[in-house]
There are 2 protein chains.
Amino acid sequence: MDQTTTAPLRRDIAEQVTARVLDGRLPAEARINEVRLAAELKVSRTPLREALVELTDRGLLVAEPRRGFRVPPLNLDEARKLYPLVGELESLALRWSAPQDLLGLTDPLERQIDDMRAALDDERGLAELDDRWHAMLLSACGNAHLMRIIAQTKPLLKRYDVLYFGGPERARRSIEEHRDILTAIRDGDLNRAARLLVQNWVNGAAYLGRPAGR
Amino acid sequence: MDQTTTAPLRRDIAEQVTARVLDGRLPAEARINEVRLAAELKVSRTPLREALVELTDRGLLVAEPRRGFRVPPLNLDEARKLYPLVGELESLALRWSAPQDLLGLTDPLERQIDDMRAALDDERGLAELDDRWHAMLLSACGNAHLMRIIAQTKPLLKRYDVLYFGGPERARRSIEEHRDILTAIRDGDLNRAARLLVQNWVNGAAYLGRPAGR
DNA sequence: AACGTGATTTCTGTATTCAGAATATCGGGC
DNA sequence: GCCCGATATTCTGAATACAGAAATCACGTT
């Protein structure tokens with residue numbers, strides 16, 4: 001229960017800062033005032049800075065030599081590159097999963113798809129379910145480094161995902177793509193599944209230009 | 001010229017610690033004594049810790065909750081997964097390069113291959129040349145995040161590369177593979193080039209079990 | 001003699017402090 | 001009235017200090 005004693009403080013802080021970047025409390029282009037942020041989070045500057053260094057290394061923040069940390073600008077071009085990147089990374093993880101382990105996942109994956117169909121109008125819940133579906137899909141991949149890279153890359157994309165969610169149209173389409181991926185896995189056709197998975201992410205990028213909602 | 005004033009201290013430190021891990025001054029399994037290491041590097045603990053956090057995030061070190069930082073054990077299984085991972089990442093970067101930019105690189109790439117042929121007996125120089133060749137090959141890829149991931153992942157692999165270098169046999173083979181990749185690029189066949197690039201890394205892993213040297 | 005227990009010491013994790021650079025402000029000159 | 005420069009303030013980057021946890025070692029007990 002008492003995870004606080006075992007988890008370093010910087011882990012918590014990194015998560016909280018990530019949350020603030022994703023939900024806009026730390027907006028794009030904003031310079032980070034370390035003392036103020038430390039005060040808000042009720043921690044001192046040292047573990048905060050360790051967390052900021054971590055996030056900078058992952059690309060969620062940028063460090064300017066003598067000017068501190070900043071939230072990088074939102075950049076459509078970057079987003080259009082991030083979606084395929086995550087897609088290819090996940091696709092790789094899928095190809096490197098043991099086929100028999102994947103078959104064992106098909107039933108829970110199918111149930112999650114049903115849950116998503118039932119939550120079509122709840123954008124936030126849908127995004128959460130989508131995340132979980134992908135996480136479950138990749139849970140059979142034994143390549144720890146690849147999984148770490150994926151986990152560290154996805155938050156970069158979430159900045160754009162939140163802003164440009166495509167509404168029920170994209171959701172419906174994405175759910176159908178999930179179903180196709182699942183079918184390919186059941187067919188034992190990992191290559192097809194991997195291709196469809198990339199496509200699922202690439203299609204997500206297609207909704208980027210449009211303002212949020214319907 | 002004066003880059004020292006603009007580069008954060010932790011950058012230097014991270015590089016020095018990386019070097020120590022790669023050349024064995026910080027051996028596998030070793031716990032890191034922060035005060036001693038800080039003294040050796042003539043810096044204080046704060047920037048040192050920031051560098052250690054960075055390297056931990058990249059997987060070059062591990063952090064055990066209340067016990068500090070450690071150099072992770074060498075693990076053949078991990079190495080066998082790292083080679084294909086780097087291969088796939090580089091392959092992706094190659095596929096995402098602009099073909100015309102790649103064509104502009106073919107001549108310098110060819111010259112580097114000649115240099116490598118001339119340095120067949122100099123293991124250290126050869127490794128350096130190999131690194132530069134791959135760096136040049138990927139210099140046309142505009143996906144900054146992918147390039148960052150690659151740069152951060154390669155050092156993990158270098159731990160094994162140093163230990164298990166396969167000698168002139170592997171070198172000769174690798175050089176021929178480079179030549180084939182170059183040919184594929186000149187043919188405008190990026191897919192073949194990307195496939196060969198993966199294979200180049202996968203073949204590197206084949207030498208893993210064998211002790212260093214001839 | 002071996003094992004368990006407690007004190008001591010070492011080391012990490014976090015907080016606070018200090019120095020130097022960048023930026024903003026205010027005053028003077030044109 | 002506007003621009004330029006000196007001064008003051010703010011903020012980062014680095015060093016030091018402190019508290020708490022873990023490992024080690026010695027001592028006493030069985």
Side-chain angles (χ1 to χ4, degrees), chain A residues 1-21 25-73, chain B residues 1-21 25-73:
Chain A
M1 182 215 293
D2 196 6
Q3 193 70 10
T4 13
T5 52
T6 62
L9 189 50
R10 61 174 173 274
R11 182 87 46 232
D12 277 347
I13 299 177
E15 282 172 23
Q16 293 197 50
V17 173
T18 301
R20 284 178 184 234
V21 171
R25 277 175 295 172
L26 285 174
E29 307 274 8
R31 298 252 300 264
I32 288 179
N33 184 326
E34 297 181 5
V35 290
R36 188 164 53 211
L37 186 52
E40 287 181 27
L41 299 177
K42 315 260 202 218
V43 296
S44 102
R45 275 185 60 210
T46 307
L48 170 60
R49 277 181 59 82
E50 290 182 353
L52 295 179
V53 166
E54 246 189 49
L55 296 180
T56 299
D57 209 48
R58 300 180 185 186
L60 194 72
L61 299 175
V62 291
E64 302 188 340
R66 300 271 177 188
R67 320 212 10 210
F69 299 91
R70 229 186 63 225
V71 183
Chain B
M1 183 215 291
D2 194 6
Q3 195 69 10
T4 11
T5 52
T6 62
L9 190 49
R10 60 172 174 274
R11 182 87 47 231
D12 278 345
I13 298 178
E15 282 173 23
Q16 293 197 49
V17 173
T18 300
R20 287 182 180 230
V21 171
R25 277 175 294 173
L26 285 174
E29 307 274 7
R31 300 251 299 265
I32 288 179
N33 183 325
E34 297 182 5
V35 289
R36 191 163 51 209
L37 186 53
E40 286 181 27
L41 299 176
K42 315 261 201 216
V43 297
S44 99
R45 275 186 58 209
T46 306
L48 170 60
R49 277 181 61 82
E50 291 182 354
L52 296 179
V53 167
E54 247 189 48
L55 296 179
T56 299
D57 209 48
R58 300 179 185 186
L60 194 72
L61 299 175
V62 291
E64 302 187 341
R66 298 275 176 185
R67 318 213 15 209
F69 298 91
R70 231 186 61 224
V71 182

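Below, chains carry the letters A, B, ... as their sequence lines are ordered, and counting in each starts from 1.
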B:L60: partners by side chain to side chain contact (heavy atoms under 4.5 Å, CB included), with sequence neighbours left out: B:T18, B:V21, B:L55, B:L156, B:R159
Residues forming a salt bridge (charged side-chain N to carboxylate O under 4.0 Å, His left out) with B:R31, sequence neighbours excluded: none
Nearest-0.5 Å distance that lies between atom CG in B:N33 and atom CG in B:L37: 8.0 Å
Intra- and interstrand pairs of DNA chain D - dot-bracket, Watson-Crick/G-U under 3.5 Å, | marks other strand: ||||||||||||||||||||||||||||||
A:K42 or A:R67, whichever maps to the more 5' nucleotide of DNA chain C: A:K42
B:A51 to B:A14 - nearest heavy-atom pair and separation: CB-N, 3.7 Å
Separation between CZ of B:R10 and CG of B:D12, rounded to the nearest 0.5 Å: 11.0 Å
Test side chain to side chain contact (heavy atoms under 4.5 Å, CB included) applied to A:A19 - qualifying residues, sequence neighbours left out: A:R25
Residue list, side-chain hydrogen bond (donor to acceptor under 3.5 Å, both in side chains) with B:E34, at least two apart or on another chain: B:R45, B:R49
Euclidean distance, atom CG of residue B:L9 to atom C1' of C:dA21 [Å, nearest integer]: 16 Å
Heavy-atom side-chain proximity of B:V17 to B:L41 below 4.5 angstrom: yes
Any residue meeting salt bridge (charged side-chain N to carboxylate O under 4.0 Å, His left out) with A:E15, in chain and number order, not counting sequence neighbours: none
Listed partners of B:E64 passing side chain to side chain contact (heavy atoms under 4.5 Å, CB included), at least two apart: B:R67, B:R70
Of residues 27-35 of chain B, the positions that come close to DNA chain D - non-hydrogen atoms, cut-off under 4.0 Å: none
Spacing of NZ belonging to A:K42 relative to CD belonging to A:Q16, to within rounding of 0.5 Å: 11.5 Å
side-chain hydrogen bond (donor to acceptor under 3.5 Å, both in side chains) involving B:R58 - partner list, sequence neighbours excluded: A:D57, B:E54
Using atom names, set out every protein N or O paired with an N or O of nucleotides 16-20 of chain C below 3.5 Å, distance rounded to 0.1 Å.
| from | atom 1 | to | atom 2 | distance (Å) |
| --- | --- | --- | --- | --- |
| C:dT16 | O4 | A:T46 | OG1 | 3.2 |

Partners meeting side chain to side chain contact (heavy atoms under 4.5 Å, CB included) with B:T56 (sequence neighbours left out): B:L61, B:A63, B:F69
Range on DNA chain D touched by chain B - first to last nucleotide, heavy-atom distance under 4.0 Å: D:dA14 to D:dA23
